[in-house]
Structure formats: structure tokens, C-alpha cells
Asks: 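Structure below; questions to follow.
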Protein chains: 2
Amino acid sequence: MVSRDQGGEHTDGEFPAVVGGLRMTKQRRAVYQVLLDDRDHPTANDVFRRAQDRMLSISLATVYNCLEALVEHGLVNQVNFDREPSRFCSNLKEHVHFHDEKTGVIHDITFKPGAKLEDLLELPKGTEVTEVELTIRGMLPKQK
Amino acid sequence: MVSRDQGGEHTDGEFPAVVGGLRMTKQRRAVYQVLLDDRDHPTANDVFRRAQDRMLSISLATVYNCLEALVEHGLVNQVNFDREPSRFCSNLKEHVHFHDEKTGVIHDITFKPGAKLEDLLELPKGTEVTEVELTIRGMLPKQK
DNA sequence: TGGCATATTTAGAATAATTCCAATTAGGAC
DNA sequence: GTCCTAATTGGAATTATTCTAAATATGCCA
Ligand SMILES: [Mn+2]
Ligand SMILES: [Mn+2]
Ligand SMILES: [Zn+2]
Ligand SMILES: [Zn+2]
């Protein structure tokens, strides 16, 4: 019997074979693990290069496919800044993004407890909000 | 030294020859007027088609050039939703965007008086915010 | 006013992120 | 194992946008 194993029987204990309704193939696992390991909001191409360390044979098309699947199943968020390449974020807690213009680093920022964004806005009464996307650019204070 | 009267260009009375430091060529004027006339956040291509009604000979490259110039001089805002084509907005009052998923219409939403977005967020003390971009998706209540 | 430097416009080519396609490979059920 | 479907793959296609290089317009100054 000569069959190369693409995974799916979950031998290494990292993930179950199915996560959030998504079958965890070897490729999806690699892509997902890349995003869990370094939460620096990499682009698809960043993810591709990092995933290649885990799996030499993975293709860029597959990375795009995996990212799409992970996003659709709610395991990962796709984050866009202006017209730049999309970035990907495995932080599922509600947060917004702060783009530090000095360092280029993208930070996850949470709302203060009890904060209700909609209270700040002149939205017609009864408006149903399904998604909020907030990006802030600026500079963090000097660390000392 | 820029004198108030820029030498008798400005034949059609709509704009002075220079606005916000930007020389108002016939093409820039047409593009800007398109954005002032209908504030429905058109794409560059929408603007191109509308500008052609005013000026048959205008090119798409010029529309992109004009939009860039208008944005750089702060007369127009460039608005991005996900990976969709950029949209352009001549509303200079501070506002955020509400994308009505039922109708596809993009509405300008203002903050309530005195609202301070930064108060809601867990930003490190002393953080300097230079730009905020907020997009909301959802559905407006039924009109009756 | 005409000459000159510079800015702007233009058509079309180039770019780059992303998507699509068609062929292969893998996984799971039986 | 067989069969069916899902996933992967390399490469081509797409598309908004940017770039290029040539033509044109504008502003300035003698
Ligand atoms: Mn990317
Ligand atoms: Mn456009
Ligand atoms: Zn994030
Ligand atoms: Zn707007």
C-alpha cells in the first residue's frame, strides 16, 4: 500500500480532525498553526512563507484556500488596511486594530468593559448592527 | 507669492482657480463636482463615467490622478470596504460609514456631540491617535 | 506677446493581490 | 479495496490600480 497521508486522523494531538465544522487537513492545520503561533497579523504571503517551514509542499493557492475556509468558519479574521494586502488574525476576542505608525506594528485593542460603540453614534433608532470594523492609526507613547 | 486673483482663468464661476492649494484644472473641477453633486460614495470608475458626462475627453488615468490629488489636498476622503474598489467621499465633516446590507447604500454617520471614541478603548495612556476609520455593517430599521 | 519650464493629461502597458480553472490527489463511507 | 466528494496544486486569468512616456496645457517672465 503506497499512499501518502494528508492527515485527518489526528496523530499529533494538536487539533481534532474537525474544528468549528471545518475538516482540519494537514494544510489547514499548518496555516492555522502559523496564525496561532505569531499573532502579528501576517499577510497571505507571510503565512505562505511560514507555512512552508512546516510543510515544504504547500502552495500559495492552498494558503489562500485555507485562509478563506478558516475565515468562513470563524476561526480567523481577515483584516484590511486601506488598499494593502489583507492580513489575518486568530484573535477571536472582540477587538479593534491600532496601527503604530512609528514601528509598523499592528496591535489588538479591546473595548473597555461595558463600552457600547453604538451609543456614540447618531444611528437611527432600531438600526441593527451586524459588524463593526475599527482601525486606528497613531503612535504609542515612548516606553521607558 | 499667490495672489488672490490667479490671472483670469476661472471662467465658469464654480470654483476659484486654486482650492486648498490645488490648482483646479478643468478635469479636477469635473471630478470634484461629481463628488459634490452625488454623495453616494462612488468608485473611481463611477466617477469616471459621471465625469464623462461633463467632459467627454477625460480619461480614467486622469480620474485616478485627480482623485489622488483631491485626497492628498484633503478635499476628498478615500474610503475602503474590505477588498472592494475604493470609494470617494466629499463630506469633510468627521463621520463614519454605515453600509446598509439590505440596500447596499453607504450612509455617513456622525458621532454624538461630545462623544470620545478613545474613551471606549483600552489604549495605553499617552497614545497619540492620528486617524480613525470606522465602518459599520447592518440594516436600517424599516421606514414607514 | 512669445519662449520656456513645469504641471497635467492621456493611452496603454505593467503590476500585484487575489481568484479561477482544470487536473491530480486525498479522505471517508461502505 | 471502490466510489464519491472535497481539497490541493500550478498556472492562467482577473481587476483595481499604478506606472510610463509622449502630448498638451499652464504660468511665468522677458
Ligand atoms: Mn497577502
Ligand atoms: Mn474604483
Ligand atoms: Zn487582530
Ligand atoms: Zn462618507
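Per chain, numbering begins at 1; letters A, B, ... match sequence-line order. Quick note: numbers below take in every heavy atom, side chains included, and nothing from hydrogens, waters or symmetry partners.
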Asks: Going by atom types only, do B/T110 and B/E94 share a side-chain donor-acceptor pair under 3.5 Å?
Replies: no
Asks: To the nearest Å, give me how far apart NE2 (A/H73) and C1' (D/dA6) are.
Replies: 12 Å
Asks: Between atom CD in A/E72 and atom C1' in C/dT19, what is the gap in whole Å?
Replies: 13 Å
Asks: When you measure from the side-chain N and O atoms of A/Y64 to the phosphate of C/dT18, is any distance below 4.0 Å, counting only OP1 and OP2?
Replies: yes
Asks: Does the side chain of A/D108 come under 3.5 Å of the side chain of A/H41 through a donor N or O and an acceptor N or O?
Replies: yes
Asks: Rounded to whole angstroms, how far apart are CD on A/E68 and P on C/dA17?
Replies: 18 Å
Asks: Check this one for me: any side-chain N or O of A/Q27 less than 4.0 Å away from OP1 or OP2 of C/dA26?
Replies: no
Asks: Rounded to whole Å, how long is the line connecting atom CG of B/D82 with atom P of D/dA16?
Replies: 15 Å
Asks: Taking for each residue the nucleotide of DNA chain D with the nearest heavy atom, is it B/R23 or B/N80 whose nucleotide lies nearer the 5' end?
Replies: B/N80
Asks: Group every Ile, Leu, Val, Met, Phe, Trp and Tyr by side-chain heavy-atom contacts under 4.5 Å, then state whether A/V19 and A/V76 land in the same group.
Replies: yes
Asks: Is the distance between the ring centroids of B/H99 and B/F81 less than 6.0 Å?
Replies: yes
Asks: Grab the CZ-P distance between A/R87 and C/dT18 for me, whole Å please.
Replies: 10 Å
Asks: Please determine, for the side chain of B/T25, which listed nucleotide (C/dT8, C/dT10, D/dG11) has the closest atom?
Replies: C/dT8
Asks: Nearest to the side chain of B/A44 - D/dT9, D/dT17, C/dT10?
Replies: D/dT17
Asks: For the side chain of B/P85, starting at C-beta, report the closest nucleotide among C/dT10, C/dT9, D/dA16.
Replies: D/dA16
Asks: Identify whether any heavy atom of B/T62 sits under 4.0 Å from a base atom; if not, whether one sits that close to sugar-phosphate; answer base, sugar-phosphate or nothing.
Replies: base
Asks: Tell me: CD of B/Q78 to P of D/dA16, nearest whole Å?
Replies: 14 Å
Asks: Rounded to whole Å, please give me the gap between NZ in A/K26 and C1' in C/dG27.
Replies: 14 Å
Asks: Tell me whether the side-chain N/O atoms of B/S59 come closer than 4.0 Å to OP1 or OP2 in C/dT10.
Replies: yes
Asks: Does any N or O in the side chain of B/S90 come within less than 3.5 Å of the main-chain N or O of B/L35, such that one atom is a donor and the other an acceptor?
Replies: yes
Asks: What integer distance in Å separates B/E84:CD from D/dA16:P?
Replies: 11 Å
Asks: Go nucleotide by nucleotide along DNA chain D from the 5' end; which of A/N65 and B/L60 gets its closest nucleotide reached first?
Replies: A/N65
Asks: Name the closest nucleotide to the A/R83 side chain, picking from D/dT17, C/dA17, D/dC19.
Replies: D/dT17
